Amino acid sequence: MKHSDLLSEAQAAFALACEVEGENRRAAADDIRFARLGEQWSPRVRAERQAEGRPCLTINRLPAFIRQVVNDARQNKPAIVCHPVGDGADPKTAELLNGLIRHIEQSSDAEVAYDTALDFAVTGGFGYFRINTRYADDDSFHQDLAIEPVADPFSVYGDPFSTGADSADWNLAFVVESLTRKAFEARWKGAEVCDWSGGEGAERRLTGGVRDGAARVRLAEFWRRETVVRNLLALSDGQVVGQDVYEAQKALFDAAGASVVGRPRPATSHKVTQFILSGAEVLETVDWAGRYIPIVPVYGEAIHVDGARRLRSLVRDAKDPQRMYNYWRTASTELVALAPKTPFIGRRGAFDTDAAKWASANTQSHAFIEYDGPEAPQRQPYAGVPAGALQEALNASDDMKAIMGMYDASLGARSNETSGKAILARQREGDVSTFHYIDNLSRAIRHAGRILIDLIPRVYAAPRMVRILGAGGEAEMAAINQPLPGALEKVFDLSVGRYDLTVSAGPSYTSRREEAASQMIELIRAYPPAAPLIGDLLAKNLDWPGADEVAKRLAALNPARP
């Protein structure tokens, strides 16, 4: 395809994506500004009140609700688990894949990517993270996979025809970014400096945007997935592999004694290509190794209305109660502040003596004040706080809790529950009302695992040693794809077999270990004879220096030890 045709196709697709996502993006931007930046008064009302010298208070309660959902997910991080499902799949290789995925997540700080995406999904309705490749070392040709955060969800435009809960059905996507003009010219020498523009008929223009004191150039990553037909080969050892995989690793299959049996069978697959576009030309073309576009959305609450998907945040319906809360707290503050100080009333001439003290009696403390006449001046009673305004503020606060389904117990505040069971029950109700956000994160991480399983045999295709992590974070090295000099452990072939995956959400390994230790202690208290049998296991789960050494010594004394 000519570059001009590709640019025209990309611009038309980008214009359609902008149109389809326009309403969701506008609503998300308003939610984020409202809930996180505190822009909760209209500019006209704020300007009028400030011109009159009246208070305009913003008491933003929404971040506490958002943090409750996001931090609940942080404590119950979903985990990717691979399972062998046939075609030569090996349970031990599945364990290696699990350990490799854990290493990928740890080395690339995947938790930051997951948390950032969920935070935007709860606050604005959608967030993203992505999967990328990078060199393992500065002096190596080996590549590793990395899970990276998307700091600006508005830079991503998904497939406008997608209906899935993840990006598994995406056939196109855009990621828009900007570089300084100096960085652009250094990376693409001789390329025309022209901003990416997606609308039909939009004029190409030399960038005039200035940010951080430097002119910037707007570019677009254009991801396109096409259906392709590839040949499958049946091998003598029962494996079924792609012809491209067989040809790339023929020496490995020959060494294992596996040969082709029968004719190739055509099979439908997908090819993903990444293009870097400016407004004038195609700057780069990259053939992606996997079958999926490696950008994963985390959606908030998704609703399909009139053929369009509406993405809603946690705070979307709570903005009006928050506005009411701000108004009534501002009104009560204003009423109390403007209320006259409690005056003294007395007959004419009663204040002639110590007149200066009487004038400052409401603002200063005096040991005594003298008065004239037979009777003392009387202080008038204070009118009291504006009970109506305070009650309306409480009503608005209750409305916010009811709309989001999170009450005092969920937020850690005291409520009318008195028993521990009642408090836990109310907390669970709050978790249930917002669980769909955490569940959507689990779906996104599941698709990320699908992308990783698809990419690992291609990215980690060369013979090498890889670092894997156990469930408890313990690290070890493993040889993959063919024996290496000095490799004593089993060698794993990542190109063989098919693997399924599940995503489980629950407490972290550390939390489960602490819970196990606590339950073991309770068991020993209830049944002391169990101590010699499980003492080593208890010590292994305790978190203090020397616990492992104590566990070894107790294991040596364990009568049940084989």
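The structure displayed is predicted, hence computed values, not measured ones.
- Within the model, atoms CG of Asp399 and CG of Leu394 stand 11.0 Å from one another, a figure rounded to the nearest 0.5 Å.
- Not a single donor-acceptor pair under 3.5 Å links the side chain of Arg218 to the backbone N or O of Val176.
- Ile534 is listed as a side-chain neighbour of Leu523, based on a closest heavy-atom distance under 4.5 Å.
- With hydrogens and angles disregarded, a donor-acceptor distance shorter than 3.5 Å links the side chain of Thr330 to the backbone of Leu57.
- Of all heavy-atom pairs spanning Ala389 and Trp328, the tightest one is O-CB, 3.6 Å.
- Listed for the Ser155 side chain is a donor-acceptor partner under 3.5 Å among the backbone atoms of Asp152.
- The closest side-chain heavy-atom distance from Arg134 to Ser108 is below 4.5 Å.
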_CA sep, side-chain torsions, deciding dist, call: Asp195, Arg216, salt bridge (Lys or Arg N to Asp or Glu O under 4.0 Å)_ = CA-CA 9 Å; Asp195 277 346; Arg216 305 184 73 88; over 6 Å; no
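- Distance alone, capped at 3.5 Å, is enough to place a donor-acceptor pair between the Glu21 side chain and the Gly158 backbone.
- For the residue pair Val298 and Ala444, the shortest heavy atom distance occurs at CG2-CB, 3.6 Å.
- The distance from the CG atom of Leu145 to the CG atom of Leu100 is 7.5 Å, given to the nearest 0.5 Å.
- Within a 6.0 Å radius of CD in Glu19, no more than 12 heavy atoms belonging to other residues, nucleotides or ligands are found.
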*asked:* Using the rule given for side chain to side chain contact (heavy atoms under 4.5 Å, CB included), can you reason through Arg130 versus Glu221, listing the C-alpha separation, both sets of side-chain angles and the distance that settles it, and then say yes or no?
replied: CA-CA 13 Å; Arg130 61 186 300 173; Glu221 287 181 51; 2.9 Å; yes
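- Relative to the six-membered ring of Phe275, Arg224 misses at least one condition, a distance below 6.0 Å or an angle of at most 45° to the axis.
- For the atom pair Asn326 CG and Thr58 OG1, the distance stands at 5.0 Å (nearest 0.5 Å).
- Residue Leu455 holds its CG atom at 10.5 Å from CD of Gln143, rounded to the nearest 0.5 Å.
- Looking at Arg309 and His304, their side chains never bring a donor and an acceptor atom within 3.5 Å of each other.
- A centroid separation of less than 6.0 Å is found between the aromatic rings of Trp196 and Phe14.
- You'll find the side chain of Pro160 reaches within 4.5 Å of the side chain of Leu172, heavy atoms only.
- Note on Asp320 versus Arg323: salt bridge recorded, some NZ/NE/NH1/NH2 to OD/OE distance being below 4.0 Å.
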_Between Arg36 and Ile66, is the side chain to side chain contact (heavy atoms under 4.5 Å, CB included) condition met? List the steps._
CA-CA 10 Å; Arg36 284 302 173 83; Ile66 295 171; 2.9 Å; yes
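- Between the side chain of Arg54 and the main chain of Gln50, no donor-acceptor pair closer than 3.5 Å is present.
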*Would you check, one step at a time, whether the test salt bridge (Lys or Arg N to Asp or Glu O under 4.0 Å) holds for Glu334 with Arg329?*
CA-CA 8 Å; Glu334 186 176 21; Arg329 290 306 302 268; over 6 Å; no
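- Looking only at distances, a side-chain donor or acceptor of Asn71 sits under 3.5 Å from a matching main-chain atom of Arg67.
- With a 4.5 Å cut-off on side-chain heavy atoms, Ile131 and Glu148 do not count as touching.
- With values rounded to the nearest 0.5 angstrom, Gln106 atom CD is found 14.0 Å from Ile101 atom CD1.
- Residues Asp72 and Gln68 have side chains that never bring a donor and an acceptor to within less than 3.5 angstrom of each other.
- With Asp31 as the partner, the salt bridge (Lys or Arg N to Asp or Glu O under 4.0 Å) test is satisfied by one option alone out of Arg312, Arg316, Arg26: Arg316.
- Closest approach of Ala302 to Leu311, counting heavy atoms only: CB-CD2, 3.8 Å.
- Enclosure of atom CZ in Arg33 is not indicated, since only 12 or fewer non-hydrogen atoms of other residues, nucleotides or ligands lie within 6.0 angstrom.
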*Can you list the steps and then say if Val20 with Phe161 is a side chain to side chain contact (heavy atoms under 4.5 Å, CB included)?*
CA-CA 9 Å; Val20 170; Phe161 300 104; over 6 Å; no
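- No donor-acceptor distance shorter than 3.5 angstrom exists from the side chain of Ser313 to the backbone of Gly125, with no hydrogens or angles considered.
- Remark: the Asp119 side chain and the Thr123 side chain contain an N/O donor-acceptor pair separated by less than 3.5 Å.
- Taking both residues in full, the closest heavy atoms of Gln322 and Met400 are given as OE1-SD, 3.5 Å, listed atom of the first, atom of the second, then distance.
- Counting heavy atoms from C-beta on, the side chains of Arg25 and Phe154 come closer than 4.5 Å.
- Between Tyr299 and Phe126, the gap from one ring centroid to the other reaches at least 6.0 Å.
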*Where do Val150 and Val156 land on the side chain to side chain contact (heavy atoms under 4.5 Å, CB included) test, with the steps shown first?*
CA-CA 9 Å; Val150 175; Val156 178; 3.9 Å; yes
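- The shortest side-chain heavy-atom distance between Asn60 and Phe34 does not fall under the 4.5 Å cut-off.
- Within the 4.5 Å cutoff, the side chain of Phe222 has no heavy atoms near those of the Gln274 side chain.
- Here the CZ-SG distance, from Arg49 to Cys56, works out to 5.5 Å after rounding to the nearest 0.5 Å.
- Between Trp288 and Trp223, the ring centre distance stays below 6.0 Å.
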*How far apart are the C-alpha atoms of Asp166 and Arg443, what are their side-chain angles, what is the distance that settles it, and do they pass the salt bridge (Lys or Arg N to Asp or Glu O under 4.0 Å) test?*
CA-CA 7 Å; Asp166 50 38; Arg443 293 176 181 175; over 6 Å; no
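- Taking both residues in full, the closest heavy atoms of Ile295 and Ser167 are given as O-OG, 2.7 Å, listed atom of the first, atom of the second, then distance.
- Looking at Glu105 and Arg102, no side-chain N of the basic residue comes within less than 4.0 Å of a carboxylate O on the acidic one, giving no salt bridge.
- A salt bridge links Arg74 with Asp115: the distance from a Lys NZ or Arg NE/NH1/NH2 to an Asp or Glu carboxylate oxygen falls below 4.0 Å.
- Side chain of Asp169 to backbone of Ser162: no donor-acceptor contact under 3.5 angstrom is found.
- Distance alone, capped at 3.5 Å, places no donor-acceptor pair between the Arg467 side chain and the Met477 backbone.
- When atom types are taken as modelled, the side chain of Asn440 and the backbone of Gly300 share a donor-acceptor pair closer than 3.5 angstrom.
- Here the two rings, on His447 and Tyr292, have centers that are under 6.0 Å apart.
- For the residue pair Tyr327 and Trp41, the shortest heavy atom distance occurs at CA-CH2, 4.0 Å.
- Using a 4.5 Å cut-off on side-chain heavy atoms (C-beta onward), Asn24 and Arg310 make contact.
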